[in-house]
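From a predicted model like this one, the values you see are computed outputs, not experimental measurements. Just so you know, these numbers use all the heavy atoms, side chains as well, and skip hydrogens, waters and symmetry mates. Proteins get letters first, then strands, A, B, ... in listed order; numbering begins at 1 in each.
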Number of protein chains: 2
Amino acid sequence: MTARRKPAIIETGSLSYGMLPGLLGFHLRRAQVSLFKHFARTVGQVAGITPGLFGMLQVIAANPGLAQSRLAEAMEVERSTIVKVVDQLEARGLIVREPSAVDRRSHCLELTELGRAELARMEQLVLAHEAELAAKLTPEDRQELTRLLIQLAD
Amino acid sequence: MTARRKPAIIETGSLSYGMLPGLLGFHLRRAQVSLFKHFARTVGQVAGITPGLFGMLQVIAANPGLAQSRLAEAMEVERSTIVKVVDQLEARGLIVREPSAVDRRSHCLELTELGRAELARMEQLVLAHEAELAAKLTPEDRQELTRLLIQLAD
DNA sequence: TATTGTTATACTCTATAACTATA
DNA sequence: TATAGTTATAGAGTATAACAATA
């Protein structure tokens, strides 16, 4: 690093955010909060689901017979954290825990018929939500944003 | 139940994320988690601060005499949520609540000398953290990413 | 010994509602 | 009536540690 640069400052009303507008994390968080609020309005209120739960359902649906520990690894959370999530989804009748045929410690997660139907409905809502978001960008910019986010996440 | 068989054995690593990779929110969240972990390692562990607390300090530093309610508005959280944050920062000797000269209901937030020194140290760590992140992108791509995130957040 | 699912516990972040002291 | 700060409380979301059953 060379000389200290003066941080960028933006004004919102009479209020300054200091050096925050010069940080990627600041804009990442703002975009995320905005997107989550939009998701809550357009998908959450209609289908009673959060981005996190929808993600879990997607991974379960895309990997039939997935063990809870594998799901935890995929979502990058602890095994113990998954338990209550699976409890919730099972209580709503969307998934079932099936005993594994090869390992009696394991529970294989599967979507129920209701789960498949509800997920299909959720997917339509999510696609509509995504389309509304994407409308803020050109198709090229949306592609570019995805590429840059993947690059940043490693 | 007996008729349903697993279509494929799921091995570690060969896991599908379904439609998630087609969603901006998925990539936004992954980038955010990656960035927060990097922040925790490079800034948090050294200076004992989180992105949220650092943001609060930045806004307080950039707006001397800010009332708690204005800070709450700036951070887009409830007044009641701010109380414990201010308690924490005050307990660490980084800020003080000063009685307002014009409104006896109001507390004006100010950095202490220690707060100014600590914040300057944090800022150096944050800039180093930012530089490491930015190294994953070309300077043009970093600029472009910021632009696209602002556009997405409205 | 190691792993799977589970429980108990705790900590963070956030919100709502009610209270007090002012305005 | 409305606002500023506070308190009490609750609900997600997450983590750690310990446990029984099984590998």
Nearest whole angstrom, please: distance from the [atom2] of [N] to the [atom1] of [X].
X        : N      : atom1 : atom2 : answer
A:Glu90  : C:dG5  : CD    : P     : 13 Å
A:Gln32  : C:dC13 : CD    : P     : 16 Å
A:Glu73  : C:dT4  : CD    : C1'   : 11 Å
A:Arg105 : D:dT22 : CZ    : C1'   : 5 Å
A:Ile95  : C:dG5  : CD1   : C1'   : 14 Å

**Study point:** Residue pair A:Arg147 / A:Gln151, side-chain donor-acceptor N/O under 3.5 Å
**Key:**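 Looking only at side-chain atoms, A:Gln151 and A:Arg147 do form a donor-acceptor pair, the distance falling under 3.5 Å.
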
Point to revise | Flag for A:His38-A:Glu132: side-chain donor and acceptor within less than 3.5 Å | key: yes

**Study point:** Nucleic acid contacts - residues 80-89 of chain B versus DNA chain C, non-hydrogen atoms under 4.0 Å
**Key:** B:Ser80, B:Thr81, B:Lys84

Practice item. Answer with base, sugar-phosphate or nothing: what part of the nucleic acid does B:Arg104 contact at a heavy-atom distance below 4.0 Å? Key: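 The residue B:Arg104 makes sugar-phosphate contact but no base contact.
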
Closest to the [X] side chain: [options]?
X        : options              : value
B:Arg79  : D:dG5, C:dC13, D:dT3 : D:dG5
A:His107 : D:dA4, D:dG5, C:dT6  : C:dT6
B:Ser106 : D:dA4, C:dG5, C:dA15 : D:dA4

Exercise for review: Would you mind telling me which residue lines up with the more 5' stretch of DNA chain D, A:Glu78 or A:Asp103, judged by nearest nucleotide?
Suggested key: A:Glu78

Point to revise | Within residues 54-63 of chain A or reaching into it, pairs that qualify as salt bridge (Lys or Arg N to Asp or Glu O under 4.0 Å) - sequence neighbours excluded | key: none

Exercise for review: Flag the pair A:Asp154 and B:Lys37 as a salt bridge only when some basic side-chain nitrogen lies within less than 4.0 angstrom of an acidic carboxylate oxygen.
Suggested key: no

**Study point:** Given DNA chain C, 5'-ward residue of the pair A:Arg29 and A:Arg97, judged by closest heavy atom
**Key:**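 First, find each residue's nearest nucleotide; the 5'-ward one identifies A:Arg97.
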
Review point. In Å, rounded to the nearest 0.5 Å, how long is the span from CG of B:Leu66 to CG of A:Leu15?
Key: 6.0 Å

Exercise for review: Compare every heavy atom of A:Ile49 with every heavy atom of A:Arg92, then report the nearest pair and how far apart it is.
Suggested key: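 Of all heavy-atom pairs spanning A:Arg92 and A:Ile49, the closest is NH1-CD1, 4.2 Å.
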
Review point. Should the pair A:Phe39 and A:His129 be assigned to parallel (<30°), tilted (30 to 60°) or perpendicular (>60°) ring geometry?
Key: perpendicular

Point to revise | Presence of B:Arg70 side-chain N/O under 4.0 Å of D:dA4 phosphate oxygens OP1/OP2 | key: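 Yes.
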
